[in-house]
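Report on the structure given below.
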Amino acid sequence: MNNLFERTSIKKAYFTLALPVVLSMAVTLIYNLVDTFFVSKTGNPDLVAGVSQGAPIFTLMIAIGDIFGLGGSSLISRLFGERKDQLARNVSGYAFYYSIACGIVVTIILLVFQNPILHLLGASPSTWKYAREYYLVIAWGAAFIIFGLSPTNILRTEGLAIQSMIASMAGTIINIFLNPIFIFTCGLGAAGSALATVTSSVIADIIMIYYLRTKSKKLTTSIHETKISRHYQLQIYAIGVPASITNIMVSFATAMTNRYLISYGANSVAAMGIAMKANSIIIMIMVGFAFGAQPLIGYAYGARNEKRFYEIIHFDLFVISSINVVLTILLLIFAPEVIRIFMNDPVIVKEGALMLRWLSITTTLAGIILVFTTAFQSMGKAVPAFWLSFSRQGLIFGLAIVILAHFFGYTGILAAQACSDVLTLILGLIFYKVYEPHFDRKES
């Protein structure tokens with residue numbers, strides 16, 4: 001492990017850790033596209049819109065899982081760099097069991113408050129039935145979905161990126177296989193899509209636990225190795241909560257967009273749901289590279305290796321920006337063809353293509369923002385990590401969509417994310433200058 005993180009060339013170490021994550025994200029991307037494809041093939045815009053309205057709950061669960069997965073892995077990487085292996089092991093045990101407990105609490109909350117939450121998500125009389133079906137199944141599976149984020153991220157801190165990838169990919173492939181069976185063969189519709197997601201999460205969790213118990217030498221699944229001081233618990237949450245904010249804000253942005261678009265009809269909501277899934281082609285690839293590099297950044301920072309730290313950051317920016325530019329150009333050119341794959345309805349193709357172009361035009365900027373965010377997470381810098389996570393699809397996006405929708409109506413709604421990306425990048429550049437690490441002295 002130490003050889004990979006300390007002596008292997010930046011390029012080789014980066015791709016060794018990042019490519020398995022990208023491949024895992026690529027399979028997840030295929031699932032997202034296939035899921036949208038099968039849901040769209042029901043030919044029911046209300047069902048498509050209902051699933052789109054319920055989807056932020058799944059994203060919310062991913063966000064909560066990130067508290068322990070990303071918060072825990074960030075701390076573990078730094079502790080490995082500082083040679084505090086036993087403490088890092090206890091952190092992994094803490095993240096393992098507390099994520100399960102958190103998932104159970106989430107299930108209870110979602111079931112008790114289902115009606116007000118569905119209203120908040122923008123479910124209308126025509127879409128309520130389908131949104132509720134999806135929502136309830138996902139709610140019951142919360143513990144399995146939330147828990148899975150812990151081993152997925154923590155395994156990579158020990159260089160076990162391939163094992164993490166195998167588990168994630170196995171669950172996703174099973175999800176793809178089960179989707180048409182549950183939706184069409186079993187006639188479960190929206191609930192079938194959610195049930196396939198929960199079932200695959202259970203299987204992926206089992207595989208990851210197996211790898212933790214058999215392949216890992218420094219991590220643990222033992223309930224007896226979970227005790228860490230309040231100081232280190234706070235470090236997990238100080239980084240994990242801002243990290244989770246990113247996905248929570250995705251839910252917020254999706255729900256807010258749907259609420260603004262519903263006045264233009266279910267077709268507009270359905271078209272945006274398809275466009276967002278198609279845009280995830282770029283988003284998930286850049287997330288894979290950024291998260292794949294995170295343990296490498298954290299280890300270099302913990303080891304106080306200034307030269308290696310900056311080389312990783314610069315290489316990360318180069319890779320993500322280069323790939324994003326190419327993929328953005330392709331989506332801008334072939335937007336109608338991409339939308340038509342999912343639903344060959346002239347109205348939805350026209351609306352969806354315009355939406356996809358607006359969404360994809362600034363994803364390169366979003367990639368740079370993500371590199372800054374993951375770098376701050378790796379360093380344990382909670383303040384800038386929080387504000388970048390909270391701003392792009394939260395505070396700045398919220399202000400942008402309110403203002404632009406008021407002055408430009410429908411076009412303003414579509415332009416809100418691009419506007420937010422530009423403003424958040426400016427904020428990220430400011431933070432990077434202010435919080436740039438100083439390796440010549442010990443930082444708090």
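Numbering of residues begins at 1 and proceeds along the displayed sequence.
Put simply, the side chain of I313 reaches to within 4.5 Å of the side chain of Y432, judged on heavy atoms. For the pair L188/I183, no side-chain contact is recorded, criterion being any heavy-atom separation below 4.5 Å from C-beta on. Within the 4.5 Å cutoff, the side chain of Y264 has no heavy atoms near those of the M272 side chain. Between L395 and W387 the shortest side-chain heavy-atom distance falls below 4.5 Å. Side-chain contact between Q53 and Y130: absent, with no pair of heavy atoms (C-beta onward) separated by less than 4.5 Å. Side-chain contact between S201 and M61: absent, with no pair of heavy atoms (C-beta onward) separated by less than 4.5 Å. Contact of the N153 side chain with the D66 side chain is registered, since non-hydrogen atoms from C-beta on lie closer than 4.5 Å.
Considering I203, I209, V202 in turn, V202 is the only one that fulfils the side chain to side chain contact (heavy atoms under 4.5 Å, CB included) rule with I206. Between L425 and the options I369, I430, L388, T362, a side chain to side chain contact (heavy atoms under 4.5 Å, CB included) holds for only I369.
Every residue meeting the salt bridge (charged side-chain N to carboxylate O under 4.0 Å, His left out) condition with D421, not counting sequence neighbours, appears here in chain and number order: R392. For F386, the ring-ring contact (aromatic ring centres under 6.0 Å, His included) partners two or more places apart in sequence, or in a different chain, are F390. Evaluation of the side-chain hydrogen bond (donor to acceptor under 3.5 Å, both in side chains) rule for Q393 yields Q417 as partners, not counting sequence neighbours.
A donor-acceptor contact under 3.5 angstrom links the side chains of D316 and Y14, judged on distance only. Donor-acceptor pairing under 3.5 Å is lacking for the side chains of S164 and T152.
A143 approaches I104 most closely through the heavy-atom pair CB-N, 4.1 Å. Closest of all the heavy-atom pairs between A204 and G171 is CB-CA, 4.1 Å. Minimum interatomic distance between S92 and I154 (heavy atoms only, all atoms of both residues): CB-CG2, 4.0 Å. Between S52 and V269, the closest heavy-atom pair is OG-O, 4.5 Å. Taking all atoms of both residues into account, the shortest heavy-atom contact from S40 to V48 is CA-CG2, 3.8 Å. Of all non-hydrogen atoms in S420 and S391, the two that sit nearest each other are OG-O, 3.8 Å.
For the atom pair CH2 (W358) and CD1 (I361), the distance works out to 6.5 Å, reported to the nearest 0.5 Å. Distance check, rounded to the nearest 0.5 Å: CZ of R78 to OG of S73 gives 9.5 Å. Separation of atoms CE (M355) and NZ (K350) is listed at 12.0 Å; rounding is to 0.5 Å. The distance from atom OG1 of T221 to atom CZ of R213, rounded to the nearest 0.5 Å, is 4.0 Å. How far CD1 of I166 is from OH of Y210: 10.5 Å, rounded to the nearest 0.5 Å. Rounded to the nearest 0.5 angstrom, F289 CZ and T374 OG1 are separated by 13.0 Å.
Taking the six-membered ring where the residue is Trp, F184 and F38 present perpendicular rings, their angle passing 60° and hence far from 30°. Between Y94 and F68, the ring planes lie tilted relative to each other; the angle falls in the 30° to 60° range.
Using a distance-only test at 3.5 Å, with no hydrogens or angles considered, a donor-acceptor pair links the side chain of T197 to the main chain of S193. A donor-acceptor pair under 3.5 Å is formed between the side chain of S216 and the backbone N or O of L219. Q163 places no side-chain N or O within 3.5 Å of a backbone atom of Y211 that could act as its donor or acceptor partner. Panel note: side chain T199, backbone L195; a donor-acceptor pair is recorded below 3.5 Å. Looking only at distances, a side-chain donor or acceptor of S280 sits under 3.5 Å from a matching main-chain atom of K277. Under the 3.5 Å distance criterion, the side-chain polar atoms of S322 are left unmatched by any main-chain donor or acceptor of V319. Distance alone, capped at 3.5 Å, is enough to place a donor-acceptor pair between the T127 side chain and the S124 backbone. For N175 (side chain) and S200 (main-chain N/O), no donor-acceptor pair under 3.5 Å exists by modelled atom type. In this structure, the side chain of S168 does not engage the main chain of M165 through any donor-acceptor pair within 3.5 Å. Panel note: side chain S74, backbone L70; no donor-acceptor pair is recorded below 3.5 Å.
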message: Could you go through S268 and Y410, starting from their C-alpha distance and side-chain angles, then the distance that decides it, and tell me whether this counts as side chain to side chain contact (heavy atoms under 4.5 Å, CB included)?
response: CA-CA 10 Å; S268 293; Y410 180 81; 4.3 Å; yes
task: List the steps and the verdict of side chain to side chain contact (heavy atoms under 4.5 Å, CB included) for L404 and I413.
output: CA-CA 6 Å; L404 294 177; I413 297 170; over 6 Å; no
Working for side chain to side chain contact (heavy atoms under 4.5 Å, CB included), residues R156 and F291: CA-CA 10 Å; R156 295 199 293 268; F291 284 178; 3.9 Å; yes
Audit row: W140, L110, side chain to side chain contact (heavy atoms under 4.5 Å, CB included) steps and yes/no: CA-CA 9 Å; W140 279 108; L110 290 177; over 6 Å; no
Check against side-chain hydrogen bond (donor to acceptor under 3.5 Å, both in side chains), S321 and T364: CA-CA 6 Å; S321 298; T364 300; over 6 Å; no
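The number of heavy atoms from other shown groups lying within 6.0 Å of CD1 (I100) is above 12. Y237 OH: more than 12 foreign heavy atoms inside a 6.0 Å radius.
Aromatic pair F372/F431: centroids not less than 6.0 angstrom apart. Taking the six-membered ring for Trp and the full ring otherwise, F58 and Y134 have centroids separated by 6.0 Å or more.
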